[in-house]
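Since the structure comes first, as structure tokens, the remarks are kept for the end.
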There are 2 protein chains.
Amino acid sequence: MASAEKSRKQLVTDNADERIRARNVLKILKAATELFSRKGLDGTRINEIAELSGLPKGNVYYYFSSKEEIYKATIAHLINSWDQAFRHISADREPAEAIEAYIKAKLEHARRNIAETRLFANEILQGAEHLPADARQHMREVTAEKAEVLNAWVAAGKLAPVDPRHLFIMLWSATQFYAEFEALACDALQVGQLKASDYNAAARTISETVLNGLRPRT
Amino acid sequence: MASAEKSRKQLVTDNADERIRARNVLKILKAATELFSRKGLDGTRINEIAELSGLPKGNVYYYFSSKEEIYKATIAHLINSWDQAFRHISADREPAEAIEAYIKAKLEHARRNIAETRLFANEILQGAEHLPADARQHMREVTAEKAEVLNAWVAAGKLAPVDPRHLFIMLWSATQFYAEFEALACDALQVGQLKASDYNAAARTISETVLNGLRPRT
DNA sequence: AAAAAAGTTGACCAAATTGTCAACTTATTT
DNA sequence: AAATAAGTTGACAATTTGGTCAACTTTTTT
């Protein structure tokens with residue numbers, strides 16, 4: 001009986017409960033991402049993070065030694081998904097189809113990770129001083145690699161001549177705008193809040209305009 | 001002689017020196033815009049504003065009653081130039097030429113007002129809570145009005161069908177990106193810092209892609 | 001079941017920061 | 001030139017905030 005009770009407890013500990021540390025660190029990171037994304041590093045109080053994550057402040061400091069460390073952890077966390085959508089840009093696909101898939105994926109990612117997207121924007125806006133050097137290096141490399149794919153498409157006559165780097169910037173900025181500048185987007189579209197249909201309309205406009213714009217001229 | 005001396009002094013006071021209040025308020029606003037644009041409202045210390053503007057802190061409080069009031073003043077100041085470039089979008093011009101001029105003007109404005117552009121982005125990113133309601137109303141109205149111009153062009157067969165509001169968002173985001181996310185743009189373009197030539201290349205890529213993309217299909 | 005490790009907690013401290021103020025100087029008016 | 005208004009200044013009060021800590025509880029190991 002004591003044994004049965006123990007194994008039940010262990011089950012709870014291992015699954016639903018998970019490891020205490022992992023669970024609490026995640027709680028803190030989630031709350032921090034939300035707050036940092038809205039008020040920035042300096043604008044966010046440790047007390048707020050504690051409150052939103054449901055932990056006393058002292059407990060937050062048990063897992064992280066400073067506010068900046070929490071911030072860096074949130075940045076490190078979101079960096080992982082930065083180049084996800086880029087996988088669509090691959091040399092063996094049809095350009096139009098690949099670019100359209102990329103736009104869709106980017107918009108979808110922004111819509112489903114609004115806080116992370118905003119936090120990333122905030123960090124870059126403030127000079128990217130907390131972005132680890134290796135993360136930036138990785139971003140540079142991936143961008144250069146995908147730019148080569150675009151160049152190959154242009155060389156093969158499948159796309160009108162275009163500077164791939166500026167094109168990427170166009171796509172990044174357009175797809176992230178709706179999450180980052182939601183307030184402005186709502187004003188422009190004259191809606192109270194963005195819905196999935198607005199994101200779909202955005203995807204259509206961006207895709208149609210850019211794809212038509214890049215159609216090779218004979 | 002005493003009269004001559006007095007009139008010289010008055011001349012100095014009225015021109016080069018200007019009104020003391022106007023000059024100092026401007027000093028403070030300029031320093032504050034620079035700092036707010038990089039570190040946000042909460043990240044900026046009043047001491048820093050005082051230092052950068054060359055005034056003692058007490059003096060700053062002589063002109064503004066709080067940090068937030070300074071912030072609001074900087075926002076109110078930059079809002080004035082928000083719709084400047086929009087004047088190019090007018091019904092009596094050729095669409096292609098008008099849109100190209102708009103893109104150029106927007107990019108040029110961002111390049112020459114980097115701090116203001118960044119500050120505006122920061123404010124929207126954080127939820128636009130300090131943006132006066134009438135300013136937002138004005139932005140909504142101007143956007144709606146210009147959207148009608150685009151719709152007329154589409155109806156006249158001068159442009160391919162497009163949702164003008166999403167198109168505007170594409171243009172806003174693309175043209176502001178270089179100022180707002182300079183760090184990311186430098187990485188993508190593999191340059192140390194953006195030069196006028198980079199802005200020109202951006203203008204070319206955006207214009208060519210979008211204009212070609214909007215060319216009416218027969 | 002005892003011991004050790006991990007996690008929790010609220011009170012507390014030190015530093016930073018906003019905003020005030022009274023004394024002072026410079027500019028303007030009468 | 002006297003009086004008044006406008007602007008300057010550094011010291012200081014009040015508050016906020018990041019971070020510490022020792023006592024305590026829960027969980028895990030032996």
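Values in this document were obtained by computation on a predicted structure and should not be read as measured data. Each chain gets a letter, A, B and so on, in the order the sequences are listed, and its residues count up from 1.
As rounded to whole Å, 16 Å separates atom C1' of dT17(D) from atom CD of Glu68(A). The CG atom of Leu55(B) sits 11 Å away from the P atom of dG10(D) (whole-angstrom rounding). Distance Asn59(B) CG to dT25(C) C1': 12 Å, rounded to the nearest Å. With rounding to whole Å, Asn24(B) atom CG is found 15 Å from dT26(C) atom P. Rounded to whole angstrom, the span from the NZ atom of Lys27(B) across to the P atom of dT8(D) amounts to 8 Å. For the pair Arg19(A) CZ and dT27(D) C1', the interatomic distance rounds to 9 Å; values are reported in whole Å. For the pair Ile20(B) CD1 and dT28(C) C1', the interatomic distance rounds to 10 Å; values are reported in whole Å.
In terms of modelled atom types and a separation under 3.5 Å, the side chain of Glu208(B) and the main chain of Val162(A) share no donor-acceptor contact. In terms of modelled atom types and a separation under 3.5 Å, the side chain of Lys106(A) and the main chain of Thr175(A) share no donor-acceptor contact.
Proximity of Tyr62(A) to the phosphate of dT8(C): no side-chain N or O atom is located under 4.0 Å from OP1 or OP2. Residue Arg21(A) places none of its side-chain N or O atoms closer than 4.0 Å to OP1 or OP2 of dT8(C).
Distance from the side chain of Tyr63(A) is smallest to dG7(C) among dG7(C), dG7(D), dG10(C).
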Per-nucleotide protein contact along nucleotides 13-18 of chain C, 5' to 3', at a 4.0 Å heavy-atom cut-off (B base, S sugar-phosphate only, - neither), is ----SB

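Among residues two or more places apart in sequence or in another chain, the side-chain hydrogen bond (donor to acceptor under 3.5 Å, both in side chains) test is passed with Lys39(A) by Glu48(A).
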* Asked: Stepwise, does the side chain to side chain contact (heavy atoms under 4.5 Å, CB included) test hold for Leu78(B) with Glu123(B)?
  -> CA-CA 11 Å; Leu78(B) 68 82; Glu123(B) 168 61 16; over 6 Å; no

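Ring centroids of His166(A) and Phe177(B) are separated by 6.0 Å or more, keeping the two rings apart. Taking the six-membered ring for Trp and the full ring otherwise, the centers of Phe168(B) and Phe86(B) sit less than 6.0 Å from each other.
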